Amino acid sequence: MSTSTRFLGRQSELEVIAAAAEAVHTSVAPRFLLIEGPPGVGKTSLLNEAVSRLPGWSRANVYLDPADREIPGYAATHLLRKPQRYRAPCDAEELAALVQEQADAITEPVVLVIEDMQWVDPLSSDVIFQTLREIEDIPMLSMVTARTTRRPEMHRLIRFTETAGEALRIVLEPFTRSEVRDLLQEHTGLPISSNVAARVHDVTGGFPSYLNHVIDRLTTLDDAITADALQAALRELDRGEGPAEAQRLLISQVFHETTEDVQQMLALLALARYPLSVHEMSTLLGVESVDVQALRDSSLVTEAMTSGRFSVKYKVFERCLVADLNRELRVDLQMRLSRVESGIASARHRAGAVLLDPGVEEPAETVEALVQAARAASRIGDAAQALELSRLAFEVDRSGSTLESLSFAAMRAGTKIDVDATVSWAQSHEVHPVLRRGILARESLIRGDLEATLGFLAGGVDLDEATPKALLCYADTVLQASRTSGLRGSYWHLLNIAARTVQALLELEGRIQADDPDVHTRIATPEQLLAETRGLRVSLQLWQSLEGIEDAQPQYFSHEVQKLLDEVRMVPGTESAQMALLVARGSVLRTAGHPSEAYTDLVTAIENWPGRNRRALAYAQVHMTYLLFEAGLWSEAQLLAESAASEVLDISEDNVAPVAFNAVHLVPAARGHREAHSWSFDLRAHVGRVTDTSLGHAGRGYVDAWAATAAQDHEKVVNSILGMQVELSTWSRAATSTVLLGRSLLHSGRAQALPALITKVRADEHSSVPHRDYVLRHLRGLAALGAGKHAAAHEHLIAAMSVITALPGLKSAHVPGDGGALSIYRGLLALDLGHCVVQGLDTLQDKADEAAESVLWAASMFQGCGAEGLFHQADEIFRTLRKVTAGQAPQERPRLVDLPEGLSSKARFALTALTTREREIALMVGQSLTNKDVAEELVLSVRTVEYHVANALGKLGLDSRHALRRMLQLEDEDDLRTA
């Protein structure tokens, strides 16, 4: 049970209360606050939090309960000091005078708290209302909490808050879905997706105590952050545990305050699947009329303005009411509802009644109704509904066939069955061996015992004799095990199991396409069955292909994936498998140095089927993060990384968390402010708990390497990259990261290690030829630079620059020749080229201008990324190179005669302070061209032009483009204008 006492949200309400308290303090005048809301919404928590923020104030309390309504004057007398309570008068006027006298004696700030005012007796209500209206010039803040009620005693207070300037009313409602998301992020430190927030809101209803329970479970430091932790918390609430028990008691109290006929109506509404009209309620209860006003007064229902139908106000209230119903009453009402409602709703009511009293209907008939309903839900694509109906069928009649249907429905819904409820039963009852081994293997996989999983899957079972549903459930477990072991680098254990399963699925496909009646199943159409079979089969074949990726050329793998894609595209309903294939190919192409092709696959997966396969979506977003990062599109990369990380709690796979959480830190790390990044969440407490895996280590190594590169901590770069590359992970295969290692080996005095690194890259057949060519030329330039061969180093680095600028842009928006897919590495290459020229100035002085141009481009690009550390490195090198060019002989400096005719002498002289590129761009701006026009004319990026314009204005001492245009106007125009 949750023991947390944290206060959640309500900041605007706290500000209202604080303002009222400030008014009391400064004007020495009383204020009244009425805090209303449903049971359990946090009225007392808000009040206590507000009072705790009023140091130096005294507090007087009156707590009411239902019994106090029967004691005339109870609440009013408890406003008095204890000696006075025992001789308090019973007359309303005398009691009011005594309370007024005591209030008038208050000289120091005091908070008067009256809780649960809905239980006030009429006499006390009169006295309290009169006192609140008449007190003045005393420093008292009166705060009253009450549930929403139609009692006239409360109506007076509500009207008082609406008319009196010194009175306010705060109506609390459960937190909205958006507020739930914000609160989860704030208190767990985790990024939360709208999908996760919706799940939590559906179960908690936005009630603070329920939400606190979820937060407690997600912040237990002994456990890793997984979807299972969230699911366990929500399951506890569904079972009525933790704060749900306290909430049930609150609702039970309200329920039993009502009359018997209202109780029956409330019970009926809680059980009904749809809102009910007054006529429907009276018909179901067998009465001529119902007390509608009393039902409204219960404060537990809501009435539709248009239809006049009633329903229980909140799902939380509904669950509490159902949990507290008498067994006989519930059975009776559910059977009545089953005869009025139809289809799925009727089947649910019958199941609910039979589970409580098997004698009301033959269980076999109930199961048949549930199976029919599940079939109907499945055929219209409502997998979640089909799963719930199958679960009810298994609860009504635990048999091998209902377990098989439940397992199949869970597989189709993309979730897992309740292991606790099925594993022990499956072990001790007659269940098909293939299904039993699949269930036991899945349970072991959930526990993280991969060895036991393999043991169950490898057992001597004959897949050919399995029913279609049993085979598909078994194959789904094989797929989950393949994904887990494949990401951990140990898929080879499953090779034989997967091959055998693929063969069995191929045979099943043939039978389905031949319309074999022996493979028909009621819960799915033949088309749906074929989609599930082919989707599982090609997904398993994908993992078989991935196992041999080290020995296969990426293009061959791409071709194999394309053949699988062609197969699944022929079958509707295989979008999830298509998405997995595209993401897998995109990931391999990314690390193999085919960014444009990878981008196409990943964009297709992300944009076309975002809700089909959330696991694949998260991986696609992470791979896209790395692509966009290397292309210099860091803001886009960060948004995708955060989106992927926010899905972690919605994906039942531990491997997602480390790659997604590390990806979130990549951009902030490279920008040099990972610790100070202003997120709505804070992952620092969680990252260490999910990165102690191969995937986690590889991802963390890349993040740390870029952080160290930005900070010029070369020792850390070396350690980070070496640690990353030893991991068996697709995240550590990219050849470009070797450049980070090579640069830091050079700058940390270990250039002698570069030849071995070059040999290793040369032997790499995984990377694309252009990528490998770029990396080799860059490393050779670094090696020559370390050996003091500056001319050779410059030659290699210029060759590397030619290769990298020839790479196609990642997106159409990239300027041709910009090397957009590897902008960040091109920037690092420019820095190394600048170092080379500075160190080899004796022989490379004539290369300084060219190098300065490259460094200037890099500075502009780094600035656009927000990479402050890298920008300052570029700026420092650029300044050094400018000093070099400034020291050239006069004949090598720009000459006045090179400038356009007609410029003023002042303008001609000023322009000599600019570089060639700056001068060229300044002249074009002087002709009123926009940055975009200049970029198109010179085949540069707009960002580069902006950087040059800013530098030119700074050197010329000008504050605007307009001032630049004025300076560059022709002398004749100046004369004409002057005249």
Side-chain angles (χ1 to χ4, degrees), residues 371-372 374-383 386-387 390 400-401 404-414 432-435 437-438 457 461-480 482-483 494-545 559-582 584-585 608-609 612-613 616:
V371 170
Q372 291 287 359
R375 179 186 186 187
S378 177
R379 289 181 177 235
I380 63 173
D382 192 343
L387 172 60
S390 300
S401 62
E404 190 174 275
S405 295
L406 172 59
S407 302
F408 181 74
M411 180 205 74
R412 294 206 67 215
H432 194 287
V434 172
L435 180 62
R437 287 188 173 275
L457 293 176
V461 291
D462 192 347
L463 298 182
D464 295 336
E465 296 181 0
T467 64
K469 289 185 289 188
L471 174 60
L472 291 174
C473 293
Y474 174 90
D476 187 55
T477 302
V478 174
L479 178 60
Q480 305 309 318
S482 297
R483 180 180 294 109
L494 273 164
L495 276 174
N496 292 333
I497 298 171
R500 185 181 61 178
T501 306
V502 166
Q503 186 58 41
L505 291 172
L506 277 168
E507 294 174 6
L508 177 58
E509 280 186 60
R511 295 173 66 190
I512 295 171
Q513 291 176 309
D515 200 22
D516 185 345
D518 291 338
V519 299
H520 288 179
T521 177
R522 296 170 64 187
I523 200 172
T525 64
E527 293 78 16
Q528 291 172 329
L529 199 62
L530 178 62
E532 297 295 344
T533 305
R534 184 161 295 182
L536 282 170
R537 192 253 299 172
V538 299
S539 298
L540 284 170
Q541 288 178 300
L542 169 65
W543 280 102
Q544 288 177 309
S545 299
H559 177 69
E560 292 298 303
V561 170
Q562 188 59 50
K563 290 196 296 185
L564 295 176
L565 277 168
D566 292 340
E567 283 196 69
V568 290
R569 282 171 177 161
M570 297 168 60
V571 179
T574 58
E575 291 82 1
S576 178
Q578 292 179 50
M579 188 173 186
L581 288 166
L582 286 170
R585 184 167 68 179
N608 288 354
W609 307 299
R612 291 289 185 175
N613 187 332

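No hydrogens, no waters, no symmetry mates; every other heavy atom, side chains included, goes into these values. Since the structure is predicted, the reported quantities are computational estimates derived from the model, not experimental observations.
- Taking Thr521 as the reference, nothing meets the side chain to side chain donor-acceptor pair (under 3.5 Å) condition, with sequence neighbours excluded.
- Defined by atom type and a distance below 3.5 Å, a donor-acceptor pair is missing between the side-chain atoms of Ser407 and Lys469.
- Using a 4.5 Å heavy-atom threshold, the side chains of Thr501 and Leu505 count as touching.
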Please report, to 0.1 Å, the donor-acceptor pairs under 3.5 Å made by any side chain of residues 534-541, with sequence neighbours excluded.
| unit_1 | atom_1 | unit_2 | atom_2 | d |
| --- | --- | --- | --- | --- |
| Arg534 | NE | Glu509 | OE1 | 2.7 |
| Arg534 | NH1 | Glu567 | O | 3.3 |
| Arg534 | NH2 | Glu509 | OE1 | 2.9 |
| Arg537 | NE | Glu509 | OE2 | 2.7 |
| Arg537 | NH1 | Gln541 | OE1 | 3.0 |
| Arg537 | NH1 | Glu567 | OE1 | 2.9 |
| Arg537 | NH1 | Glu567 | OE2 | 3.2 |
| Arg537 | NH2 | Glu509 | OE1 | 3.1 |
| Arg537 | NH2 | Glu509 | OE2 | 3.0 |
| Arg537 | NH2 | Glu567 | OE1 | 2.7 |
| Ser539 | OG | Gly535 | O | 2.7 |

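- Between the side chain of Thr574 and the backbone N or O of Val568 there is at least one donor-acceptor pair closer than 3.5 Å.
- Closest non-hydrogen pair, Ser390 versus Ala409, comes out as OG-CB, 3.6 Å.
- Every residue meeting the side chain to side chain donor-acceptor pair (under 3.5 Å) condition with Ser378, not counting sequence neighbours, appears here in chain and number order: Arg412.
- No side-chain heavy atom of Thr467 sits under 4.5 Å from any side-chain heavy atom of Val519.
- Every residue two or more places apart in sequence or in another chain that forms a side chain to side chain contact (heavy atoms under 4.5 Å, CB included) with Asp382 is listed here: Ala377, Ile380, Ala384, Gln385.
- With Thr477 contributing its side chain and Gly438 its backbone, the two residues share a donor-acceptor pair below 3.5 Å.
- The two residues Phe408 and Ala524 make their nearest non-hydrogen contact at CE2-CB, 4.0 Å.
- Residue Leu565 holds its CG atom at 4.5 Å from CG of Leu581, rounded to the nearest 0.5 Å.
- For the residue pair Gln503 and Arg500, no side-chain donor N or O sits within less than 3.5 Å of a side-chain acceptor on the partner.
- With values rounded to the nearest 0.5 angstrom, Leu506 atom CG is found 13.5 Å from Arg511 atom CZ.
- To the nearest 0.5 angstrom, Leu508 atom CG is 8.5 Å from Leu530 atom CG.
- Not one N or O on the side chain of His432 forms a donor-acceptor pair closer than 3.5 Å with the backbone of Leu471.
- Considering Leu479, Leu435, Leu463 in turn, Leu463 is the only one that fulfils the side-chain contact (heavy atoms from CB on, under 4.5 Å) rule with Tyr474.
- Other residues, nucleotides and ligands contribute only 12 or fewer heavy atoms inside 6.0 Å of the CG atom of Asn496.
- Counting heavy atoms from C-beta outward, Leu582 and Asn608 have side chains that stay 4.5 Å or more apart.
- Applying the side chain to side chain donor-acceptor pair (under 3.5 Å) test to Arg569 and every residue at least two apart in sequence or in another chain returns nothing.
- Closest non-hydrogen pair, Met411 versus Cys473, comes out as SD-N, 4.2 Å.
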Checklist entry - Between Thr533 and Val571, does a side chain to side chain contact (heavy atoms under 4.5 Å, CB included) hold up when you go through it step by step? => result CA-CA 10 Å; Thr533 305; Val571 179; over 6 Å; no
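- Scanning all heavy atoms of the two residues, the minimum distance from Leu529 to Pro468 falls at CD2-CB, 4.3 Å.
- In terms of the side chain to side chain donor-acceptor pair (under 3.5 Å) criterion, residue partners of Asp515 (sequence neighbours excluded) are, by chain and number, His520.
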